[in-house]
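Have a look at the structure below, then the notes.
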Amino acid sequence: MLCAPALVLLLVFFAFPLIGNALRSLVSDAPSSSAGPLANYQKLFFDPYYRAVIAETIKVSFVSTLLCLVLGYPIAHFMVRRAGRMAMPMLFLLIAPLLTSIIMRTFGWRVIFARHGPFNELLGWLHVIDRPVRVLGGPLGVYIGMVHVMVPFMVLSIVPVLRGVDRRLEESARILGAGAVRTFVRVTVPLAAEGILTGCVLVFMLSSGSFVTQLLLGDGSVVTLPLLIFQQFSLTQDLGFASAMGNLLLLIVLMCLYVQLRVTGRRGGDA
């Protein structure tokens with residue numbers, strides 16, 4: 001009985017919508033469709049255009065995750081090992097953008113990278129360029145916006161784990177003759193692997209479901225599943241096909257969580 005309120009909440013706001021979305025994906029709204037209940041999935045997996053969109057979605061999510069890891073780990077390492085009293089102000093600066101609407105932040109990048117915006121004006125003042133650089137409307141602008149949105153989640157996932165790493169283990173490795181790079185690769189990274197994996201999975205899942213940044217900064221040049229779902233709901237009104245794409249995104253997220261549980265469970269068993 002004590003669990004009943006939580007179970008009802010999960011059923012009403014989690015299980016029932018997912019079941020409804022799964023059933024809706026089996027109904028095709030296309031008048032020419034005669035392939036049965038799996039018509040939407042056949043269209044999604046066998047049409048070359050939609051297969052390319054799925055590949056683009058995975059590519060954008062993977063590249064965004066890799067860039068967030070490359071930028072986020074040094075920030076997390078500096079906050080834990082070098083920042084000292086500045087760690088809390090840095091944490092505040094890291095979290096502060098999350099309190100601002102993602103639309104506002106994305107429009108801020110549009111202002112910065114506009115044809116006559118601050119970025120091009122600065123490069124022109126430094127005589128680096130003769131004509132404005134086109135950043136918006138391409139993958140570069142999308143990746144910049146995605147990393148700006150997602151990198152705090154990577155840093156916040158790594159910092160707690162990195163704080164729990166005993167620095168005496170690193171000092172012991174250095175005393176036994178390991179260099180700084182070897183100590184980092186053989187000692188620090190394995191001990192912080194759980195936080196790194198959690199950050200990568202979290203950023204990958206959020207990136208795979210993000211479309212506002214891609215819509216506003218890519219100007220249609222980067223087409224992913226979330227953007228197509230938005231178009232199917234708002235323009236073509238093909239709810240069945242949009243539901244099928246939503247279920248595919250859900251499957252990708254569940255696969256990421258499964259990989260994380262398998263890896264962390266194996267590490268816990270080895271420990």
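- Looking at heavy atoms from C-beta onward, V259 lies out of side-chain contact with V201 at the 4.5 angstrom threshold.
- Residue-environment remark: CZ (R51) exceeds the threshold of 12 foreign heavy atoms within 6.0 Å.
- The shortest heavy-atom contact between L136 and R110 is CD1-O, 3.8 Å.
- T57 contributes atom OG1, which lies 9.0 Å from atom CG of L227 (distance to the nearest 0.5 angstrom).
- Side chains of Y143 and V60 form a contact here, defined as non-hydrogen atoms less than 4.5 Å apart.
- Residues V223 and E56 have side chains not in contact (no heavy-atom distance under 4.5 Å, counting atoms from C-beta outward).
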Run the side-chain contact (heavy atoms from CB on, under 4.5 Å) check on V135 and I112 step by step: do they pass? CA-CA 10 Å; V135 179; I112 292 174; over 6 Å; no

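- Heavy atoms from other residues, nucleotides or ligands lying under 6.0 Å from CG of L2 number 12 at most.
- To the nearest 0.5 angstrom, L228 atom CG is 5.0 Å from M245 atom CE.
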Please list, one pair per line, the donor and acceptor atoms closer than 3.5 Å that link side chains of residues 153-165 to other protein atoms, with sequence neighbours excluded.
unit_1: S157; atom_1: OG; unit_2: F153; atom_2: O; d: 2.8

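- In the hydrophobic clustering of this structure, V181 does not group with L176; members are Ile, Leu, Val, Met, Phe, Trp, Tyr whose side-chain heavy atoms approach within less than 4.5 Å, directly or through other members.
- Residues Q214 and T224 bring a donor and an acceptor atom of their side chains to less than 3.5 Å of each other.
- At least one donor-acceptor pair closer than 3.5 Å links the side chain of N120 to the backbone N or O of A114.
- Residues L257 and L197 share a hydrophobic cluster, clusters being chains of Ile/Leu/Val/Met/Phe/Trp/Tyr side chains in contact below 4.5 Å.
- When all heavy atoms of F204 and F62 are compared, the pair lying nearest together is CE1-N, 3.7 Å.
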Show your working on salt bridge (Lys or Arg N to Asp or Glu O under 4.0 Å) between E170 and R81 and close with a plain yes or no. CA-CA 12 Å; E170 298 174 337; R81 301 293 175 84; 2.8 Å; yes

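- The number of heavy-atom neighbours closer than 6.0 Å to CG of D130, taken from other residues, nucleotides and ligands shown, is 12 or below.
- Closest approach of G145 to L217, counting heavy atoms only: CA-CD1, 3.7 Å.
- F92 and F78 sit in two unconnected hydrophobic clusters of ILVMFWY residues. Membership requires side-chain heavy atoms under 4.5 Å apart, directly or through other members.
- E121 and R115 are not joined by a salt bridge, as no carboxylate oxygen comes within less than 4.0 angstrom of a charged side-chain nitrogen.
- Clustering ILVMFWY residues whenever any of their side-chain heavy atoms sit less than 4.5 angstrom apart, transitively, puts V203 in the very cluster that holds V189.
- Here the straight-line distance linking atom CD1 of I196 with atom OH of Y73 works out to 5.5 Å at 0.5 Å rounding.
- Taking CZ of F45 as the start and OH of Y50 as the end, the distance is 13.5 Å to the nearest 0.5 Å.
- In this structure, L9 shares a hydrophobic cluster with V8, V12, F13, the cluster being traced through Ile, Leu, Val, Met, Phe, Trp and Tyr side chains under 4.5 angstrom apart.
- Side-chain atoms of S64 never come within 3.5 Å of backbone atoms of S61 as a donor-acceptor pair (strictly under, hydrogens ignored).
- Checked by atom type and distance alone, the side chain of S243 never pairs as donor or acceptor with a backbone atom of R24 at under 3.5 Å.
- Atom CG of L93 sits about 8.0 Å away from atom CE of M90, to the nearest 0.5 Å.
- Neither I175 nor V187 shares a network with the other; the hydrophobic side chains, linked directly or stepwise wherever heavy atoms of I, L, V, M, F, W or Y lie under 4.5 Å apart, form separate groups for each.
- The aromatic ring centroids of F241 and Y41 lie 6.0 Å or more from each other.
- The two residues L94 and L98 have their closest heavy-atom pair at O-CG, 4.4 Å.
- In this structure, M146 and S210 approach most closely via the heavy-atom pair SD-OG, 3.9 Å.
- Summarising the local packing, OH of Y258 is surrounded by 12 or fewer heavy atoms from other residues, nucleotides or ligands at distances under 6.0 Å.
- Across every non-hydrogen atom of L249 and S208, the tightest pair is CD2-O, 3.4 Å.
- Interatomic distance, L250 CG to I252 CD1, rounded to the nearest 0.5 Å: 9.5 Å.
- A donor and an acceptor atom, one from each side chain of S25 and N40, are nowhere located under 3.5 Å apart.
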